[in-house]
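These notes concern the structure reproduced below.
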Amino acid sequence: MECTKCGREAVMHAAYSGSHLCEEHLRESVERRVRRRVREDDLVPRSATPEDPETWVIGLSGGKDSVVLTHILDETFAEDPRIEMIALTIHEGIEGYRDESVSACEELAEDLEMQHELVSYEEEFGVRMDDVVEDDPENMAACAYCGVFRRDLLSKYAEELGADKLLTGHNLDDEAQTALMNFLEGDVSQIAKHFDASLGPFDDSEAQSDSDSESGQRSRSRTETEEFVPRAKPLRDVPEKEVALYAHLADLPAHITECPHSSEAYRGEIQELLLKLEENHPGTRHSIMAGYEELAGIVADEYEGTDQEADLGECEECGATTTRDKCRKCALLESLAAV
């Protein structure tokens, strides 16, 4: 097939738009959507200056998504004195798998001349995921442990590195799966948290624009997320397959291998369902996210200032923000230590 835009040989067909794209226009399309998301979510505040730059910590795992995100952000902002970027990699302690992806992270950071920080579960918590999976005192999927530990370290080091925002490589498929899971589980409070944590635009200005106010668009302000470094997902409009193809075409050092402990059975079912729906009804993922974001903003408004927000306190073990006496991370580590 020929590229819809230039007539050259196409490398992909985007069924949801009907377009056939060549290598050049595929890469251009992905980059354009990332940059548009950066603008629409107001990631670069008006207050950022060369004298007082914005600091972004990028969660760089070495997989295709985080590598593509880091590459595009570097191409866009490397010469912008208002933005400072730091790559943060977490080593979970998975023999072979994570060692190779860390090498990909180091290669990319060196190529981009970007500051790169590496932390590990073993140094921070005294555990390795290979051992956690073997012990499994809570009888949980490996991803349940790993997700808690990873989120804790991302938040901790983003704060220690002085981040204004923490950027992660979640793509369209990831976000549509999360949205559908929240709906099917009936977890309204989680929908509100999802919006405030990483979906709504940032309110940087001293006042929102009149158009935003009139349309009722809700923005995340620093007061809403002051307990945490706010997160952003600039890749969330791009389907997973297009991210993978971009990484291949750009010859990026991505480690494209599934984690050997990956066992999120429910998410896997949702993934298969969405892929089937997308195949039969192109554009399903985009439609899900368009409706979900609008509804999530309404739900977040309803939950703002409720007892749920007021219940936040400090973990008695590590001081992390939590609604319990002990945060989930410390509770899991205690359980592992008892094995």
Side-chain angles (χ1 to χ4, degrees), residues 10-16 21-31 33-34 37 58-75 85 87-112 114 116 118-121 128-130 133 141-143 146-147 150 154 167-178 233-265 267-272 274-276 278-279 285:
V11 296
M12 70 151 288
H13 174 226
Y16 57 86
L21 298 176
C22 65
E23 176 178 344
E24 178 183 342
H25 284 107
L26 179 277
R27 291 178 61 174
E28 180 183 281
S29 173
V30 172
E31 292 164 3
R33 280 174 281 174
V34 171
R37 177 53 60 191
I58 305 168
L60 179 60
S61 68
K64 64 185 186 309
D65 301 305
S66 66
V67 164
V68 168
L69 175 63
T70 304
H71 169 77
I72 294 175
L73 290 175
D74 180 78
E75 284 204 333
M85 292 178 286
L88 173 61
T89 299
I90 297 172
H91 196 310
E92 301 94 340
I94 303 172
E95 188 173 353
Y97 167 78
R98 184 50 74 199
D99 296 324
E100 292 183 24
S101 61
V102 166
S103 296
C105 295
E106 292 172 338
E107 180 181 344
L108 181 66
E110 184 176 354
D111 288 345
L112 301 180
M114 183 180 294
H116 181 225
L118 174 64
V119 298
S120 71
Y121 287 3
R128 293 174 54 85
M129 275 308 300
D130 285 341
V133 170
C143 297
C146 198
R150 170 176 286 277
L154 283 172
L167 279 58
T168 59
H170 292 79
N171 59 50
L172 175 63
D173 294 62
D174 296 327
E175 292 302 286
Q177 290 163 22
T178 296
K233 301 172 179 177
L235 207 61
R236 63 187 172 93
D237 298 314
V238 186
E240 182 174 19
K241 286 186 178 180
E242 293 178 36
V243 177
L245 185 54
Y246 184 103
H248 172 70
L249 294 173
D251 195 26
L252 297 177
H255 181 235
I256 306 178
T257 304
E258 186 174 353
C259 172
H261 300 316
S262 178
S263 57
E264 289 187 281
R267 181 175 285 271
E269 290 182 44
I270 297 297
Q271 180 184 37
E272 290 181 15
L274 277 175
L275 289 174
K276 188 66 174 178
E278 186 69 30
E279 181 181 347
R285 293 164 300 187

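Please read all numbers here as calculations on a predicted model, not as lab measurements.
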Which pair of non-hydrogen atoms, one from [X] and one from [Y], has the smallest distance, and what is that distance?
X	Y	value
A104	P253	CB-O, 2.8 Å
E23	L249	OE2-O, 3.6 Å
H116	A109	CB-CB, 3.6 Å
L21	S29	CD1-CB, 4.1 Å
T178	R267	OG1-NH2, 3.0 Å

Pairwise distance [atom1]([X]) to [atom2]([Y]) - rounded to 0.5 angstrom:
X	Y	atom1	atom2	value
E107	L112	CD	CG	10.0 Å
S66	H170	OG	NE2	10.5 Å
L73	L167	CG	CG	6.0 Å
H91	D99	NE2	CG	4.0 Å
C146	I90	SG	CD1	8.5 Å
N171	Q177	CG	CD	7.5 Å

Pairing residues for H25 by the ring-ring contact (aromatic ring centres under 6.0 Å, His included) criterion, not counting sequence neighbours: none
Between D130 and I94, does a side-chain contact (heavy atoms from CB on, under 4.5 Å) hold up when you go through it step by step? CA-CA 5 Å; D130 285 341; I94 303 172; 3.8 Å; yes
Among side-chain atoms of E92 and Y97, is any donor-acceptor pair under 3.5 angstrom?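 Result is no, nothing qualifies.
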Decide, yes or no, whether a salt bridge links [X] with [Y] under the criterion of side-chain N to carboxylate O below 4.0 Å.
X	Y	result
D173	R285	yes
D237	R37	yes
E240	K64	yes

Short question: side chain of [X], backbone of [Y] - any donor-acceptor pair under 3.5 Å?
X	Y	result
T168	K233	no
Y246	E28	no
T89	V102	no

For H13, does the NE2 atom sit with more than 12 other heavy atoms under 6.0 Å from it, leaving out its own atoms?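 Yes, enclosed.
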D74: what forms a salt bridge (Lys or Arg N to Asp or Glu O under 4.0 Å) with it, not counting sequence neighbours?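 Scan of D74 (salt bridge (Lys or Arg N to Asp or Glu O under 4.0 Å), adjacent residues dropped) gives none.
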Can you name the salt bridge (Lys or Arg N to Asp or Glu O under 4.0 Å) partners of E100, sequence neighbours left out? none
Is the shortest heavy-atom distance from the side chain of L69 to the side chain of D65 under 4.5 Å?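 They are not in side-chain contact.
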From CA spacing to verdict: side-chain contact (heavy atoms from CB on, under 4.5 Å), V243, V30: CA-CA 8 Å; V243 177; V30 172; 5.7 Å; no
Under the salt bridge (Lys or Arg N to Asp or Glu O under 4.0 Å) criterion, do K241 and E278 qualify, and how do the steps go? CA-CA 12 Å; K241 286 186 178 180; E278 186 69 30; over 6 Å; no
